[in-house]
Amino acid sequence: MEHNFGQHSVPAPGSFDKSRVLNIKPIRTLVPVFPSPSNPSSLSNPNGGAPFVCVSPSGPYPTGVEPLYPFFVSPESQRLSEKNAQTPGGRHVPTGPISNAVPINSFRTPTRDTNGDVGSSRGKNKNGGQFTEEDGYVEMNEVDADDGTGDGSHKRKSGRQGRKSKGAGGASSNANPEAVANDIFKSINPLVFDVLSQPDGSRDSVTYTLLVYEVLKRKLGQLEETARDIAGAKRPDLKAGALMLTKGIRANSKKSFGAVSGVEIGDIFYFRIELCLVGLHAPSMAGIDYIGSKISQEEEPLAVSIVSSGGYEDNVEDGDVLIYTGQGGANKEKGASDQKLERGNLALEKSMHRGNDIRVMRGLTDLAHPTGKVYIYDGLYKIQNTWVEKAKNGFNVFKYKLVRCPGQPAAYMIWKSIQQWTEKKAPRTGVILPDLTSSAEKIPVCLVNDVDDEKGPAYFTYSPTLKNLKPTAPMESFAGCSCIGGCQPGNHNCPCMQKNGGYLSYSAMGILADLKSVVYECGPSCQCPPTCRNRVSQGGLKIRLEVFRTKDKGWGLRSWDPIRAGTFICEYAGEVIDNARVEELVGENEDDYIFDSTRIYQQLDIFPSDTEAPKIPSPLYITAKNEGNVARFMNHSCSPNVLWRPVVRENKNESDLHVAFYAIRHIPPMMELTYDYGTVLSLKAGQKKKKCSCGSVKCRGYFC
DNA sequence: TTTGATCAGCTGTAT
DNA sequence: ACAGCTGATCAAATG
């Protein structure tokens, strides 16, 4: 960690160590209490099935329920966290009692309705019978989700945990989003909560938080399409965020200056609420986050972070400088006015004098989806200057000049470089081949080496598709759908959608909606057009990829474009072979490019039911040794950012099974794409384990 | 739309 | 008088 403030920093004699002072704030509101689970009866489900018993800490508690927080810290994990707090040098970092934490002021306590409200609100929603029908679809999907575990532990607890909302006549107490959230939360590996409950965030806590958020948001998005009248489903992103915050599934809930543990410079985000969930920037919309704002007191408000949405950008082409416009002066009803030196503006002003670091998020329009934005965490800046300016509308606005602290890894600069390459203003250095695919793909994939003298990978034929020379008959005959205009959400008659549990596999943006083990796409026997939303993996490459020379892993794959979690990246092309041929190739030591669906792997350790290999109609082996696409260059990692899913395309006459790769999380440009190769159940004759050099903390040491 | 900051008002306790 | 909590209001601008 480069910006290690606090405990270790020794102030120079006579100097005033500001960071030391800035890092500590008095408690202003409720601090979470983490009872030890020493009394097992206090858990409503000892197996960790229901970690979220939500009770107001002040009571009263229903019978059998004791004051519990959403997650607990077991004595073991507490010891673990203390151990983990040892620095590599062996120095012990005191983790400190939890009461030293500075919770974000509005850290909310989970609530639970204890009165008889439940029945009435449900009854209200059920009238008319329409809800019952939708409810049926929810149930169907739950059955599907339960598929992995097989046991009946996922019984839905009909929504008791409605967040009280003012007004709206209780309409928002509709159980569905909460019920969906509870089901997802319940399926989370309990160990995750140990990680999340540690006062100091970690990379894992950030990763887990964002992963749960993704799963929940996409599920709510699916719901919204089929049942638009569900309260809170209009904005699945906000609803998912709100549910996470209420349940305390977040990282770094205390607001602090400087670096945020577990968040790395260059990390990208697609929703403002994500910044809140990981502790980068608390306000869901406002651009300036600050603390301590008692104006009249001697205590000064100080800014901790800003989000530059790019709207005001004053064309400073230097990527290390940002001109930021203050907030306010744009009231919708009262019209425009001068900005005032208060709130965020005042905090920035004070921060300039104090010289504290400001976290900066750069917002850009997402080129893949121009309606959306992508936010880049660009590290720490200092405010160098401020002035007042007349805006175009004639009113005064505050301007702040921020300069990036030196010595930080490039983040926003990478984006600027790529933009230059795209606009041909600057050449990509080290290009060996401008298009590795020889136009076999719709967009070029360049081959780059700016590391050593290697001139390129061994010869192979680029083929964007999967070749199955001996196709077998499908396990069940299927006629396909007849959605002439493309499959539409809510069409209960579409057989392809029914196969996916009543929903479309992909969102309107082409994001994989569900982590279920098999994706059923439309195929040759369907009547929908190639543009159908349920054919995402058939459209070829959409992301600008490059094959590049890694430092120690041969050739690898990465992207010029940012990749949003759930995005389809590519399929594994090559030649389908049978088990006998696999054994032959292994014997000849020619198994480097074999994709083997029967390997055991752990795709997402956050959902225990997901640790098994996906259930595939039949084992699938693909060799890309002589013929293949970009996927053959993707390296293994024990902490991957990409996963694969079996994709079945509807085809009457033959089995049409493919392997498709999707982003697990948001992947910044130029970050290597990796997936977990998994491990074979038993080594074949002549097969040996390959040493892994992924460098991850969780590295297993080998793969094969 | 939601969140977080702020303010006004309330309550019980200490002075 | 004061701390601490609760509910109402406000500002911010997202997707």
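dT3(B) atom P lies 9 Å from atom CE of M285(A), rounded to whole Å. Counting to the nearest Å, the P atom of dA12(C) and the CD1 atom of I288(A) are 9 Å from each other. When rounded to the nearest whole Å, the span between CG of L346(A) and C1' of dA11(C) equals 15 Å. If you take OH of Y270(A) and P of dT14(C), they are 17 Å apart, rounded to a whole angstrom. If you take NZ of K340(A) and P of dA5(B), they are 20 Å apart, rounded to a whole angstrom. For the pair I511(A) CD1 and dG15(C) C1', the interatomic distance rounds to 15 Å; values are reported in whole Å. At whole-Å resolution of the value, CG in D366(A) and P in dT14(C) are 15 Å apart. Atom P of nucleotide dG15(C) and atom CG of L220(A) are separated by 17 Å, given to the nearest angstrom.
Here dA11(C) is the nucleotide among dT14(C), dA11(C), dT3(B) with the atom lying nearest to any side-chain atom of R343(A). For R250(A), the side-chain atoms get nearest to dG4(B) when compared with the rest of dT14(C), dG4(B), dT3(B). Listed nucleotides: dA13(C), dT3(B), dT14(C). Nearest to the side chain of Q327(A): dA13(C). Proximity note for Y290(A) (side chain, C-beta onward) versus dT2(B), dG15(C), dA5(B): the nearest is dA5(B). For F271(A), whose side chain is taken as the heavy atoms from C-beta onward, the closest listed nucleotide among dA12(C), dT2(B), dG15(C) is dG15(C). Distances from the side chain of L238(A) to the nucleotides dT2(B), dG4(B), dG15(C) place dT2(B) closest.
For the salt bridge (charged side-chain N to carboxylate O under 4.0 Å, His left out) condition, the pairs that include at least one residue of residues 374-386 of chain A, sequence neighbours left out, are D357(A)-K382(A), R362(A)-D378(A), D378(A)-R404(A). For the salt bridge (charged side-chain N to carboxylate O under 4.0 Å, His left out) condition, the pairs that include at least one residue of residues 269-292 of chain A, sequence neighbours left out, are K255(A)-D289(A).
Nucleic acid contact for D237(A): sugar-phosphate only, since backbone atoms but no base atoms lie under 4.0 Å from a heavy atom of the residue. Among the protein residues, G328(A) comes within range of the sugar-phosphate backbone only, with heavy atoms under 4.0 Å from sugar or phosphate atoms but none that close to a base.
Between T371(A) and A286(A), the residue anchored closer to the 5' end of DNA chain C is A286(A), taking for each the nucleotide with the nearest heavy atom. Ranked by how close their nearest DNA chain C nucleotide is to the 5' end, Y375(A) and G329(A) are led by G329(A).
Applying the side chain to side chain donor-acceptor pair (under 3.5 Å) test to T209(A) and every residue at least two apart in sequence or in another chain returns nothing. Residues forming a side-chain contact (heavy atoms from CB on, under 4.5 Å) with R564(A) (at least two apart in sequence, or on another chain): K217(A), Y270(A), F271(A), M509(A), I511(A), T567(A), H666(A). Judged as a ring pair (Phe, Tyr, Trp, His ring centres under 6.0 Å), and not counting sequence neighbours, H281(A) has no contacts.
Residue A286(A) comes nearest to Q327(A) through the heavy atom pair CB-NE2, 4.4 Å, listed as atom of the first residue, atom of the second, then distance. Of all heavy-atom pairs between V360(A) and Y377(A), the closest is O-CD1, 3.6 Å.
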Seminar exercise, completed: Pairing string of DNA chain B (Watson-Crick or G-U wobble, both atom distances under 3.5 Å; | = paired to other strand) is .||||||||||||..
Exercise. Can you check side chain to side chain donor-acceptor pair (under 3.5 Å) on N396(A) and K390(A), steps first, answer last?
Worked result: CA-CA 5 Å; N396(A) 288 339; K390(A) 281 258 186 290; 2.9 Å; yes
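At the phosphate of dT3(B), neither OP1 nor OP2 sits under 4.0 Å from any side-chain N or O atom of K255(A).
For dT14(C), its base sits under 3.5 Å from the side chain of R235(A) at one donor and acceptor pair at least.
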